[in-house]
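Take a look at the structure below.
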Amino acid sequence: MRIDTTDIGRKTALYMLLAILTILFLMPYMWMLGSAFKPRSELFTYVFPVSWKTFIPLEPTLRNFSRLLNELGFMRNIFNSLLLAASTVTGSILVCGMTAFVLAMIEFPGRRLLYLLIMFTMMVPFEARMIPTFLVVQGLGLSNTFTALYLPWLADAFLIFLFTNHFSEIPSDLYHAAVIDGCPHRKVFWRIMLPNIVPALISGGLIKFFIAWDAYVWPLIILRSDKWQVIGVAIANLFTDQSIEWELIFAGSLLSTVPIIILFFFLQKYYIAGMMSGGVKE
Amino acid sequence: MARIQYKPGKKDAELLLTILLYMVPTMILIGVFQLLPIVKAFEYSFFKINLMSGAKTFVGFRNYISAWNDARFINSLVTTVRYFLMRVPLQVLSGFFLALLIFRPKRWTGPMRTIFLLPVITSMVVITAILGLMMHPTNGLFNAVLDILHIPPLEYLTNPDQALESIVFITVWKNSGLTMLFFLAGMVAISPTLYEAATIDGASSFQKHWYVTLPMLKKTFAFVVITTTIRSFQVFGPILLTTAGGPADATRVVVMHIYDNAFVYNQMGYASALSVVLAVILIAVSLLQIRGSRMKKGGM
């Protein structure tokens with residue numbers, strides 16, 4: 001390749017653009033990271049004018065974290081969110097995996113109808129069902145329970161869609177061979193089919209984990225006590241209190257974001273694959 | 001070989017048991033938590049419901065007539081449409097632009113892709129809280145940055161003329177990485193020979209994108225526009241968290257109005273009627289998408 005001045009100019013412009021985009025996307029994270037370790041006095045002093053002191057604590061402190069965890073009950077919120085995410089991920093992989101297996105690999109009367117019925121639920125998102133779902137869950141006597149947090153989210157049309165697509169790619173010869181060898185149908189799923197779609201299971205599980213960790217509106221309306229309250233609502237409460245304890249909001253946000261970023265860092269190719277294969281949900 | 005067959009009457013109890021065992025949990029959960037609420041919303045929309053006393057009175061179509069006459073509801077529809085008109089083009093264009101930027105593998109595409117995806121995976125509450133603080137008129141980082149650039153400060157979420165735009169900014173900033181992923185999926189599917197042919201014909205890189213990338217991504221554009229449209233009509237979380245519909249109803253979108261009627265004004269029946277209206281709008285948009293993708297398939 002010939003290197004001339006226009007080429008260098010174009011390269012410079014490109015790198016400038018990348019730098020601006022990086023700042024635009026990372027600035028909130030840098031502000032959060034630095035401010036989480038600042039005492040409040042420092043937080044408001046160094047915003048105007050912007051300098052490195054805006055982002056780096058001069059006297060770093062862990063007090064914000066200790067206040068959140070020891071005095072404000074964040075330990076419980078984090079534990080609840082982890083439990084919610086674990087229940088949602090395992091439950092939904094199991095339930096949706098079983099259904100996807102049957103829909104993809106077994107022909108029976110009504111199969112298409114059931115598939116369409118499941119896919120129909122994607123058309124009416126949670127926000128449009130919020131009020132009646134609240135009333136139904138309350139009618140079942142489940143409001144204010146942990147069950148109400150995860151049970152409505154287990155059967156997920158997107159996961160069923162994702163898993164069905166992956167099961168469909170497995171040659172059915174494999175199934176027929178297993179049956180001839182005397183493997184009962186219900187065990188074909190566990191022994192042969194499930195191990196074949198592990199990457200899709202990780203994709204689906206990860207997507208479900210992020211959604212469960214992000215829970216906010218549903219726990220807010222269905223829980224009345226703090227016992228099972230999740231981290232999203234806890235941070236939202238700090239924020240909507242209109243208090244000036246910004247350092248707590250930053251520290252809480254950091255606590256909530258770090259596990260997500262670590263998980264994403266190691267498993268991002270599964271997340272990307274899952275979303276790219278026709279992801280419809282967030 | 002085709003799928004395993006189950007025919008009724010065929011004596012294969014084990015297969016039938018497997019089908020039932022593996023289908024029933026999903027069907028119960030979907031029935032109770034997704035289909036039943038849709039039916040119930042329809043039913044409740046004809047009642048006046050008081051949650052405190054448990055009283056339920058049949059009122060016929062009165063909730064729907066009230067909705068038609070509810071200036072705040074009509075206004076919330078207008079606000080939602082305004083939000084949709086700002087968000088969809090912004091998010092689609094920025095997602096497309098980010099995808100173009102990292103579509104060809106270079107040393108920096110991996111890290112940049114990760115950076116663009118960070119807001120997508122970070123929880124909505126955290127993003128809204130941090131950006132909300134950045135938008136604080138006196139102590140926020142945005143005005144501090146504007147100050148360096150000698151641009152007068154803005155009032156963001158506290159000003160009725162800037163609040164909805166601020167919400168658009170928050171949601172587009174969070175979701176443009178996701179739109180980028182959909183475009184990347186479309187771009188990967190474009191055959192490289194098309195670009196080679198364009199290079200031989202002497203096309204500039206702009207011409208290549210104009211004559212090859214854009215036409216080949218028609219389907220992706222349609223998909224992205226429709227899904228972003230649906231998401232625009234269900235926007236709620238960031239608004240509940242920051243302005244709760246204010247100031248002066250500037251950010252009162254449809255779902256915000258439904259929420260207030262249900263949980264603040266204790267009008268569950270009326271809120272159900274509004275939910276039915278929203279569901280009908282969303283189903284109509286979805287059907288448009290299905291029709292669109294069918295037509296594309298037929299045409300190819």
Side-chain angles (χ1 to χ4, degrees), chain A residues 18 22 25-26 28 31-32 44 47-50 95-96 98-99 101-102 105-109 118 121 123-125 127-129 131-133 135-136 152 154-155 172-173 175-176 184-186 210 213-214 216-217 221 232 235-236 239-240 246 249 253 256-257 260 264 268 272 275-276 280 282, chain B residues 1-6 8 14-15 18-19 21-23 25-26 29-30 33-34 36-38 40-41 44 108 112 114-116 118 121-126 129-131 133-134 139 141 144-145 147-148 178 181 185 227 234 236-237 241 255 258 262-263 268 271-272 275 278-279 282-283 286:
Chain A
L18 292 178
T22 306
F25 275 85
L26 290 188
W31 200 37
M32 170 175 76
F44 293 109
V47 176
F48 278 95
V50 176
V95 168
C96 300
M98 295 192 307
T99 300
F101 160 74
V102 172
M105 314 216 77
I106 303 174
E107 188 62 61
F108 60 96
I118 292 169
T121 62
M123 285 191 195
V124 187
E127 282 77 3
R129 287 184 285 112
I131 305 308
T133 308
L135 294 172
V136 165
L154 293 190
S172 43
D173 294 2
Y175 196 154
H176 287 280
H185 292 282
R186 62 179 190 281
F210 290 150
W213 195 260
D214 199 8
Y216 165 54
V217 176
I221 58 180
I235 295 171
F239 183 77
T240 48
W246 286 21
I249 301 174
S253 298
S256 150
T257 306
I260 289 287
F264 183 64
Q268 68 167 307
I272 291 169
M275 281 316 215
M276 275 166 82
V280 180
E282 59 188 19
Chain B
M1 238 189 275
R3 288 193 183 95
I4 294 281
Q5 295 276 330
Y6 175 78
E14 207 267 321
L15 183 55
T18 304
I19 295 174
L21 202 67
Y22 288 5
M23 287 301 290
T26 296
L29 288 170
I30 284 200
F33 294 112
Q34 309 206 35
L36 183 65
I38 296 173
K40 283 285 178 189
Y44 293 146
W108 43 266
M112 287 310 281
T114 307
I115 290 173
F116 298 151
L118 278 185
I121 54 141
T122 308
S123 84
M124 187 276 298
V125 170
V126 167
I130 302 296
L131 290 191
L133 295 183
M134 289 177 83
N139 292 317
L141 196 53
V145 173
D147 189 54
I148 297 179
L178 186 62
L181 270 192
T227 47
Q234 52 184 109
F236 178 51
L241 192 51
V255 185
I258 294 175
F263 297 112
M268 283 290 175
S272 298
S275 300
L278 177 64
L282 289 168
I283 290 174
S286 289

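In what follows, every heavy atom counts, from backbone to side chain, and hydrogens, waters and symmetry copies are set aside. In the text below, chain A, chain B and the rest are named by the order of the sequence lines, each starting its count at 1.
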request  = Under 4.5 Å, counting heavy-atom pairs only, tell me which of Thr122(B), Leu181(B), Leu141(B) racks up the most with chain A.
outcome  = Leu141(B)
request  = Under 4.5 Å heavy-atom distance to chain A, tell me which part of Leu131(B) shows up: side chain, backbone, both or neither.
outcome  = side chain
message = Using side-chain contact (heavy atoms from CB on, under 4.5 Å), reason through Met105(A) and Arg3(B) one step at a time and then give a plain yes or no.
response = CA-CA 5 Å; Met105(A) 314 216 77; Arg3(B) 288 193 183 95; 5.6 Å; no
key: Residue part contacting chain A, namely of Asp147(B), when any heavy atom lies under 4.5 Å   = side chain
task = For residues Gln34(B) and Pro152(A), report the shortest heavy-atom separation together with the two atoms involved.
result = NE2-O, 4.5 Å
request  = Go through the atoms of Met112(B) and report whether side chain, backbone, both or neither lie under 4.5 Å from a heavy atom of chain A.
outcome  = side chain
Atom group of Thr121(A) that falls short of 4.5 Å from chain B, counting heavy atoms = both
request  = Pick whichever of Ala155(A), Pro28(A), Pro109(A), Pro125(A) has the most heavy-atom pairs under 4.5 Å with chain B.
outcome  = Pro28(A)
request  = Specify which of Tyr175(A), Trp31(A), Phe108(A), Phe264(A) makes the most heavy-atom pairs with chain B at under 4.5 Å.
outcome  = Trp31(A)
note = With sequence neighbours left out, the residues meeting ring pair (Phe, Tyr, Trp, His ring centres under 6.0 Å) with Phe236(B) are Tyr259(B)
ask   = Considering only heavy atoms from C-beta outward, does the side chain of Leu36(B) approach that of Thr133(A) to under 4.5 Å?
value = no
ask   = Quick one: are Thr114(B) and Gln268(A) in side-chain contact, heavy atoms under 4.5 Å?
value = yes
request  = Search all heavy atoms of Leu133(B) against all heavy atoms of Phe239(A) and return the closest pair with its distance.
outcome  = CD2-CE1, 3.8 Å
inquiry  = Using every non-hydrogen atom in the two residues, find where Val125(B) and Ala236(A) come nearest and quote the distance to one decimal.
reply    = CG1-N, 3.9 Å
ask   = Is there a side-chain contact between Met275(A) and Leu178(B), using heavy atoms and a 4.5 Å cut-off?
value = yes
inquiry  = With chain A as the partner, which of Ala129(B), Gly237(B), Ala271(B), Pro25(B) has the greatest number of non-hydrogen pairs under 4.5 Å?
reply    = Ala129(B)
note = Applying ring pair (Phe, Tyr, Trp, His ring centres under 6.0 Å) to Tyr216(A) and not counting sequence neighbours gives none
ask   = Given that the side chain runs from C-beta out, which part of Phe25(A) has a heavy atom under 4.5 Å from chain B: side chain, backbone, both or neither?
value = both
Approximate separation, where rounding is to 0.5 Å, of Ile30(B) CD1 and Cys96(A) SG = 7.5 Å
message = Using modelled atom types and a 3.5 Å cut-off, is there a donor and acceptor pairing between side-chain atoms of Glu14(B) and backbone atoms of His185(A)?
response = yes
ask   = Shortest non-hydrogen contact from Pro132(A) to Pro37(B)?
value = CB-O, 3.1 Å
Part of Ile148(B) within contact of chain A (heavy atom distance under 4.5 Å) = side chain
note = Turns out that what part of Ser256(A) lies under 4.5 Å from chain B's heavy atoms comes down to side chain
request  = Work out which heavy atom in Val124(A) is nearest to a heavy atom in Ala279(B); give both atom names and the distance.
outcome  = CG1-CB, 4.1 Å
inquiry  = Could you report the tightest heavy-atom contact between Ile19(B) and Val102(A), atom names first, then the distance?
reply    = CG2-CG1, 4.0 Å
message = If we ignore hydrogens and angles and just use 3.5 Å, is the side chain of Arg186(A) paired with the main-chain N or O of Tyr22(B) as donor and acceptor?
response = no
Distance, nearest 0.5 Å, that separates CE of Met268(B) from CD1 of Ile131(A) = 5.5 Å
ask   = Are the side chain of Thr26(B) and the backbone of Val95(A) linked by a donor-acceptor contact shorter than 3.5 Å?
value = yes
Pairwise distance CD1(Ile121(B)) to CG(Asp214(A)) - rounded to 0.5 angstrom = 10.5 Å
task = For each of Leu278(B), Asn139(B), Ile115(B), Val255(B), tally heavy-atom pairs with chain A at distances under 4.5 Å, and name the one with the top tally.
result = Asn139(B)
inquiry  = Given heavy-atom pairs under 4.5 angstrom as the criterion, report whether the side chain, backbone, both or neither of Ile221(A) touches chain B.
reply    = side chain
